[in-house]
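Each chain gets a letter, A, B and so on, in the order its sequence line appears, and its residues count up from 1.
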Amino acid sequence: MKVLLSGDEAVARGAWEEGVVVATAYPGTPSTEILEALATLPGVHAQWSPNEKVALEVGIGASMAGVRVLVAMKHVGLNVAADPFMTLSYTGVRGGLVVVSADDPALYSSQNEQDNRHYARMAKVPMLEPVDSRECKELMEEAYHISETFDTPVLFRITTRIAHGKGVVELGRRREVSSKGMELDPAKWVMLPNFARDRHPIVEERMERLVSYGESFPGNRMELREPDLGFITSGVAYQYVREAFPRASVLKLTLTYPLPRARVLDFAGRVKRLFVVEELDPFLEEQIRALGIEVVGKQVFPRVGELSPELVKKGVEKGYKPSFVAFPDIPQRPPSLCPGCPHRGVFVVLKKLKVTVFGDIGCYTLGALPPLSRLHSCICMGAGVGMVHGAEKAGSSGRMVAVIGDSTFYHSGITGLADIVYNRGASTVVIMDNGTTAMTGKQGHPGTGVALQGEGKRIHLESLVKGLGVDRVRVVDPYDLKAMEEVFREETESPEPSVIITRRPCTLITPGPIGFFSVDEDLCIGCGVCVKVGCIALSMVGEGEERKARIDRHLCYGCGVCAQVCPKGAIGEDEGVS
Amino acid sequence: MYHDVINLVFCGVGGQGVLLASEVAAQVALEAGLDVKKSEVHGMAQRGGSVFSHVRLGRRVFSPVIPLGKAHVLVAFEELEALRYAPYASPQARILVNTLRVNPITVLSGEASYPEDPLGMLKKHFTNVEAVDALALAIEAGSPRAVNSVMLGLLSRYLPFDPRLWLTVLEQRVPAKAREINVKAFGLGRELSS
């Protein structure tokens, strides 16, 4: 049967057809849908782990116990999982183990656009890169074959355009792969220095065997058409090359690391002009140059952002200009906090108190954008908790807090909070507990007790932070601005570490409206203070004396934050509706 | 360079059903036996932000992304978003615009102002601009949420697929209780004269 699947769904389907028994991940765009799809298929234990490092460690344990495993993450997730990943290369696997890295060129939903192909080289593991949904599924067979034949984890690298692109996929049946049973072999699995020292040469020798394997691997396909123009390419860039130059010759690399050197040399000898087309870094280009081959690459193709058919065309044909109509000066439409979002009130109060706010990754990162403009840093998951402590120890004065979401706190905030307590900090950490992993689409996490395939056990947040040694733990409703202001004042002035939990479910979990608010036009003075809370349900209409606030009834959730900031009491809740 | 492939761009504001509409169009093409590719973005981009989806159909499709200036139809659920994604449309493209204006947060906060006449701007550069009050038709069909079915009905006039195929796929993709309304909305969109 032919169906239309996203790359993520096709990865899941492929892993399932190859008999995967355990699958783990932490949600992260653009990789989230892989585990969501796998969780619906029979015979698989699929789970969200608190973070990517744990997800990979769970995967390694399952592999050592003899079954096939898939672990998925976004590109920056592999930074979190890099510690086990590097040494996993030394131990190798028992049941086949595939790590999917979903990279995000152009940063549609990420804090950087790092090129994770370098991880394959650094960890010395083979890497496969599919060009569309069909290959996302079909290459899984090869991925598990390589993993088990060469005793190695396999890095399966996709990008946003592959992960969230859809294409036609032919569905197959599941291959039942029986467990090989636990492997107890200290020389292979206990990486003490003397054992690890013996594993390293095995890794080097494995990579040489993989070079030979790649030479005859059918996925590294030479497509000989006209000999004047040749391209070496992989991933979605292959599609852009085919689109822009359908008659050119192409060496399509699928096993992109280690590089099949003889095949590259062979292809280079068959074309007159040779280009390497790859998104982000000159990963293939530098290795190809090291073989003594003259190629054109990053001199003409950008290192930043995504490629496209026209960027490929432009790089090859000097002076090529696609013709199109553009309206460059139109207003942007950036994402913003939803109407009723429980994060909004927190930023309104932090702004009023002029607090310096160290943040991290989640919907609440949007608190950095106007008109709220009240988040001053975002580095990585959990970073704000460490940073507020660092700023305190640097002698910074004035009110400061870290803000972190509940899911992010379980991912990477716990150790930072332990640092504050242990090193006698006095910082305040605000855990914005909306009861879900909101940005990626309301996945469960340890604080919710909702597991990917059913009910998990909930870890109680207050008990956890108290257990870490925080004596001052306050819980406040983020819809109550006055109560929040009082708590924020007290805790930022306290000489002890404190945690403020602002608790309200995400509006994605409890779709409203829970009420309606409207503006009394006789009382409204048109000052515009209410629209500064950054809610798309609110706007100012009319000019001069007639300028009044208006609330869009179709959009209002009924949180009442705007009513609390109005200096004239002109916004009120409508009676008798719910 | 781009023979035999039909390119569609869907765009609008998060929550309008843009992605579902593009999903239906892609599925119709698949069931008609064509190769299909589709590209969009999830995650942060969806929190009330601008949303787009590229759908390409034909005998064989390579790039999931439509080259600039090559889309045959632009299906815009909102006027400002029609301007934003116009660079993908060819000068001869059908520009189907829902006459709705949703102020982005940048306009609400006073940083920017909404263009006065987006349709006029489009008509200056494109010959086939068709403006439709899809919301009114959706309400006529029974629900303001059926805007996407109105737009699909309108789009279906310009694609070589049997309307029955559209309806079959549409019925599979919308919740059972909303089926009748969406079928009616599709019909209202399709009957519009161009």
Please look at A:C535 and chain B and tell me whether the side chain, the backbone, both or neither of the residue comes under 4.5 angstrom of a heavy atom of that chain.
backbone
In terms of heavy-atom pairs under 4.5 Å, which option from B:V102, B:V61, B:D35 contacts chain A the most?
B:V102
If I measure from the heavy atoms of chain B, does A:V236 come under 4.5 Å with its side chain, its backbone, both, or neither?
side chain
A:Y240 side, atom OH; B:F62 side, atom CZ - distance, nearest 0.5 Å
14.0 Å
Toward chain A, the part of B:L68 with a non-hydrogen atom under 4.5 Å
both
At a 4.5 Å cut-off on heavy atoms, which part of B:V107 comes close to chain A: side chain, backbone, both, or neither?
side chain
For A:V168, is it the side chain, the backbone, both or neither that has a heavy atom under 4.5 Å from a heavy atom of chain B?
both
In terms of heavy-atom proximity below 4.5 Å to chain A, should B:S113 be classed as side chain, backbone, both, or neither?
backbone
Heavy-atom proximity to chain B below 4.5 Å, by part of A:E306:
neither
Using a strict threshold of under 4.0 Å (side-chain N to carboxylate O), is an ion pair present between A:E243 and B:K70?
no
Part of B:E111 lying under 4.5 Å from any heavy atom of chain A:
side chain
How long is the span from the CD1 atom in B:I66 to the CD atom in A:E310, to the nearest 0.5 Å?
10.5 Å
When heavy-atom pairs shorter than 4.5 Å are enumerated against chain A, which of B:A26, B:G69, B:P104 gives the highest number?
B:P104
Can you tell me which of A:R247, A:E33, A:K2 forms the most heavy-atom pairs within a distance under 4.5 Å of chain B?
A:E33
Inter-residue atom distance A:K166.NZ - B:S22.OG, 0.5 Å rounding
8.0 Å
For A:R333 and B:E78, run side-chain contact (heavy atoms from CB on, under 4.5 Å): C-alpha distance rounded to whole Å, both residues' side-chain angles, the deciding distance at 0.1 Å, then the answer.
CA-CA 12 Å; A:R333 191 187 299 276; B:E78 198 270 350; 3.1 Å; yes
For each of A:G534, A:P331, A:P322, tally heavy-atom pairs with chain B at distances under 4.5 Å, and name the one with the top tally.
A:P331
Just verifying a value: how many Å separate B:L108 CG and A:M540 CE, rounded to the nearest 0.5 Å?
11.0 Å
Kindly compute the distance separating CG (A:D132) from OG (B:S63), expressed to the nearest 0.5 Å.
11.5 Å
Report the C-alpha distance between A:L4 and B:V36 in whole Å, list the side-chain angles of each, state the deciding distance to 0.1 Å, and finish with yes or no for side-chain contact (heavy atoms from CB on, under 4.5 Å).
CA-CA 8 Å; A:L4 207 55; B:V36 188; 4.0 Å; yes
Side chain, backbone, both or neither: which part of B:V55 has an atom under 4.5 Å from a heavy atom of chain A?
neither
For chain A, which of B:M121, B:E40, B:Q27, B:R84 has the most heavy-atom pairs under 4.5 Å?
B:R84
Could you walk me through whether A:Q239 and B:V65 pass the side-chain contact (heavy atoms from CB on, under 4.5 Å) test, one step at a time?
CA-CA 9 Å; A:Q239 307 289 10; B:V65 181; over 6 Å; no
Quick one: what part of A:L369 sits under 4.5 Å from any heavy atom of chain B, side chain, backbone, both or neither?
neither
Heavy-atom distances under 4.5 Å only: say whether B:F126 touches chain A with side chain, backbone, both or neither.
side chain
Pick from A:I330, A:V241, A:V131, A:I536 with the largest number of heavy-atom pairs that fall under 4.5 Å of chain B:
A:I330
Which word best sums up how the rings of A:F327 and B:H125 line up, parallel for under 30°, tilted for 30 to 60°, or perpendicular for over 60°?
perpendicular
With only heavy atoms counted, which part of A:V3 is less than 4.5 Å from chain B, the side chain, the backbone, both or neither?
backbone
What distance separates A:H164 NE2 from B:L19 CG, expressed to the nearest 0.5 Å?
10.5 Å
B:P87 and A:F324: which non-hydrogen atoms are nearest, and at how many Å?
O-CB, 3.2 Å
Below 4.5 Å from any heavy atom of chain B, which atoms of A:S308 appear? Answer side chain, backbone, both or neither.
neither
